[in-house]
2 protein chains.
Amino acid sequence: MSGPQAENGQSLLIGRTIDHLATPAFVVDLDVVKANCERMLARAQKGGLHLRGQTKTHKTVEGAIYQTGGTRRGLVTSTLVESEMYANAGFDDILYGYPILSTHMQRNLKLAQKLESYHLMVTNKESIQILLANPPPPGKKWSVFMKIDCGNSREGFWWSDQDCIEAALEIRKYPAVMTLQGTYVHCGNTYKSQDSNQVEKTRDETIKMLIGVSKRMSEHGIKFDNIGIGSTPSCSHDSALYAQISEIHPGNYVFYDAQQEKLGSCGMGDVAGKVLTRVIGHSVRRNQLLVDCGFSALTKQGFQELDQSFARVEGHPMLKLCDMTQEIGKVGWDLDDSINFDDFPVGSTLSLIPYHACATAAMYPVYYVHQNQMIKEEWRPCRGW
Amino acid sequence: MSGPQAENGQSLLIGRTIDHLATPAFVVDLDVVKANCERMLARAQKGGLHLRGQTKTHKTVEGAIYQTGGTRRGLVTSTLVESEMYANAGFDDILYGYPILSTHMQRNLKLAQKLESYHLMVTNKESIQILLANPPPPGKKWSVFMKIDCGNSREGFWWSDQDCIEAALEIRKYPAVMTLQGTYVHCGNTYKSQDSNQVEKTRDETIKMLIGVSKRMSEHGIKFDNIGIGSTPSCSHDSALYAQISEIHPGNYVFYDAQQEKLGSCGMGDVAGKVLTRVIGHSVRRNQLLVDCGFSALTKQGFQELDQSFARVEGHPMLKLCDMTQEIGKVGWDLDDSINFDDFPVGSTLSLIPYHACATAAMYPVYYVHQNQMIKEEWRPCRGW
């Protein structure tokens, strides 16, 4: 499950090439991760923005070190388990970017005690009631971001609703308990775009809505330091409007994936996380290869979006991962002639580019991190909630 | 991640009711698991069959104890990690029911050494070559089942092909290296059925094909003890033809799920594994509840099959889990009027019946096992390959 270990506890796979791995395996190209993280940090710096990296795609300490450029400061997480892992690993300035429930508050209290700067997300009026019912640690206040919905249509205050202003006024009523850190938008509606022009249009409209919210709040005397927007598609391009906000919080960019390539967020060469799989059989009758990547090693997403394939087969555009059971994938051939099965003997490897890295990475207890195919590190993501 | 622990290592959740759990949580009704396992054992006994339970749905020691009626003898696994976990937990007579690769053989060797009875699956002619290249442990032979494809169209020898007989003859050539234990069919094509009549028709056709294979092999003087068929839909009903086979190997029945209910394998009351989720917000604008079950807590399967819902919402047939992002589900209302949001306050729980238990259970590091809602045990599944 965790790879063979030598007596000194060192993985026996470190220093070997990835073709020595048992399959299916999630392999991560370290140089690509570094380049993706450096590029996003540079874009933020150029725009005068703070980069608060979302950790939900990789959920590893190592990945977050690259996201923060080594400072270990400034993250947004999707689960309490992530928040706790990063707090224990010396990270600080962590936003638990999820709707608040009463059942979270005991763990939130410990995190707020431990960290210099731990933030929560107010997504509705109930969030404020929960904070009022759960006192912050002595000498501290709950630091909160308000989640604004600018068209993503998930959680948060609808940007043009009066509720939004009322919630901010409500927060201001309790200065001993909570303090408004800023507003936060996840422009996940960019994922519905057909190309990067549409992504950029949605992002810029979102920024304008958010600026509008800030102005209306300001008219009520409500001030805060941070205005942030997120989603990897929107943050993978520069914008003249970045000057009007303070923070971006993309996450997927650490690995990128076939979906992001389709959206114009990256090139295929920027995809860092791939699934290594082996051919386990041939069906001449059906003109198919069988591989040891089923849905438990990839998840079922993106079939329509990738032209009837659950993943891109690297270097073989004519191969389609057309069906999967739990542990077996069926790879078809997109031409009328027959697969040359001698090119894909049983035991040979294929590299799959996932449609959605967040979903695929979550299936693996360990990522094998390589440079030029040589395994350098093993990263172990946290999981659960 | 693994639930709070007291100083003595005992989970603090044992003895509490499931509404104390952090959500999302995978909750398993112990009495339903026991009843499902006992019913399948009774059906096998009635038909004079050996039940070799497939472990891929739950992947726990505890679940397999119920599957084997406490004997810890007779399992089929889908991964080497499962085989190793069961071997270490005192189980024996384990079939690693997966195509053989050279990269598996070091671990297969250890398992064959350790166990009295460890079996491998020959799915193609390459399997035999791999066994010949990897000697069995001293004093032992590789015990193999031949996988036959009777219409499932995945791995294995096509039932009517001459290849099938030739492979059996090839196995017989090397009596010092390998011994043919029997034939094995996964009639997964039953999952394409509309109802249980169609399931039973496919199952009985499969048994007839398999008997035909045995007869043809017998004409070549090839004898073996076991003829087995599997899949939970086909094994959830009696058959007059069971008298002609020796073994069944269903797996999903331990938990069952909404897919199995639709196929007529079980009633909704037989579903043992469910996802407990909490309401995290309301959208009056979209007439939706938001819940803390995203695709990372359920996986995206079965949307079309469950009438535009990724799960059944227990007790609320009008609620549809109509969309999911990684950590958030959107629950819509299947009527023209508005949801009465007061009935579903933020923090209240809903119980989701998964479409596919194998996929959903795999998302959880721990299952909370309860009797009448009281948490009795925590089961920790293995994962990886």
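Worth saying up front: this structure is predicted, and the values here are computed from it rather than measured. Because only heavy atoms are used, hydrogens play no part in the values below, and waters and symmetry mates are left out as well, while side chains stay in. Every chain is numbered from 1, with letters handed out A, B, ... down the list of sequences.
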Under 4.5 Å to a heavy atom of chain A? For B/K56 that would be both
Is the shortest distance from a Lys or Arg side-chain nitrogen in A/D149 or B/R286 to a carboxylate oxygen in the other one below 4.0 Å? yes
- prompt: Is the CD atom of A/E305 crowded by more than 12 outside heavy atoms at less than 6.0 Å?
  reply: yes
message = Between B/E84 and B/R107, does any side-chain N to carboxylate O distance fall below 4.0 Å?
response = yes
Greatest number of non-hydrogen atom pairs under 4.5 angstrom with chain A, of B/D161, B/L21, B/I130, B/V279, falls to B/D161
Bottom line for B/M85: the part with an atom under 4.5 Å from chain A's heavy atoms is neither
Among A/Q129, A/R285, A/H104, the residue with the most heavy-atom pairs under 4.5 Å to chain B is A/R285
The interface call for B/S153 against chain A, heavy-atom contacts under 4.5 Å, is both
Cut-off 4.5 Å, heavy atoms of chain A, and the answer for B/L101 is side chain
Check: B/Y364 ring centroid to A/W385 ring centroid under 6.0 Å:
yes
Okay, B/E327 and chain A: the region with an atom under 4.5 Å from a heavy atom over there is both
Most contact-rich option vs chain B, by heavy-atom pairs under 4.5 angstrom, among A/C358, A/G347, A/A22, is A/C358
Applying a strict 4.5 Å limit to non-hydrogen atoms, the region of B/N152 in contact with chain A is backbone
So, the part of B/T299 with a heavy atom under 4.5 Å from chain A: the answer is neither
Which word best sums up how the rings of B/F341 and B/H282 line up, parallel for under 30°, tilted for 30 to 60°, or perpendicular for over 60°? tilted
Okay, B/T103 and chain A: the region with an atom under 4.5 Å from a heavy atom over there is side chain
Cut-off 4.5 Å, heavy atoms of chain A, and the answer for B/H20 is neither
Turns out that what part of B/Y191 lies under 4.5 Å from chain A's heavy atoms comes down to neither
Under 3.5 Å, side chain of B/T232 to main-chain N/O of B/G251, donor-acceptor pair present? yes
(Q) Under 4.0 Å between a side-chain nitrogen and a carboxylate oxygen: does that hold for A/E126 and B/R278? (A) no
Scored by heavy-atom pairs under 4.5 Å with chain B, the best of A/G294, A/P24, A/S127, A/A297 is A/P24
